[in-house]
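Input: a single structure, listed below in structure tokens.
As the structure is a computational prediction, the values presented were derived from the model and not from experiment.
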Amino acid sequence: MSDSTRATSAGYGQIKTLAVRLSEDVRAQLDIIAQLNDRTVTDEIRLAIEAWIEKTKSDPSVLQRAQFVRDEIEREAATKRGAIAAIFDNTTAKPKTSSSTRSTSEKDGGS
């Protein structure tokens, strides 16, 4: 499949081009359906995909998987927030030691 982006004023906002390979039989049927509906093949494909998306949005199994994905994203985000807090909150809470307050043995590399 090929995918590119271009702007349009057809009411769809930014359009991404998608190339789809179809068998000759399916393409011939699509051409006839578009002709019978007095639409372009592109319009027929767009309408079919939009209808499929709307149908999919109400599919209970898809909704359940979407909730699982949302929950997983939230768990990952919480882990990353915690990691960032551990890195940066701890460094801002600890006062930095200046070289003038370290002992001579620390400056020389001793303990």
Among all residues two or more places apart in sequence or in another chain, which pass the salt bridge (charged side-chain N to carboxylate O under 4.0 Å, His left out) test with E72? R75

Set of residues satisfying salt bridge (charged side-chain N to carboxylate O under 4.0 Å, His left out) with respect to K80, sequence neighbours excluded: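 Residues passing salt bridge (charged side-chain N to carboxylate O under 4.0 Å, His left out) with K80: none at all.
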
Verify whether one side chain among D31 and Q35 offers a donor that lies under 3.5 Å from an acceptor in the other.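 D31 vs Q35: no donor-acceptor pair found between side chains.
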
Between D71 and Q67, is the side chain to side chain donor-acceptor pair (under 3.5 Å) condition met? List the steps. CA-CA 6 Å; D71 294 344; Q67 186 59 51; 2.8 Å; yes

Which heavy atom of K57 sits nearest a heavy atom of L63, and at what distance? O-CD2, 3.1 Å

Could you tell me which residues satisfy side chain to side chain contact (heavy atoms under 4.5 Å, CB included) with I84, sequence neighbours excluded, listed by chain and number?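 Here the qualifying residues are F88.
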
Nearest-0.5 Å distance that lies between atom [atom1] in [X] and atom [atom2] in [Y]:
X	Y	atom1	atom2	value
R65	D59	CZ	CG	7.0 Å
T42	L47	OG1	CG	11.0 Å
I45	L22	CD1	CG	6.5 Å

Can you hop from I49 to V20 via hydrophobic side chains spaced under 4.5 Å? yes

Hey, does E50 have a side-chain heavy atom less than 4.5 Å from the side chain of I53? no

Taking atom CZ as the centre, does R27 end up with more than 12 heavy-atom neighbours from other residues, nucleotides or ligands that are less than 6.0 angstrom away? no

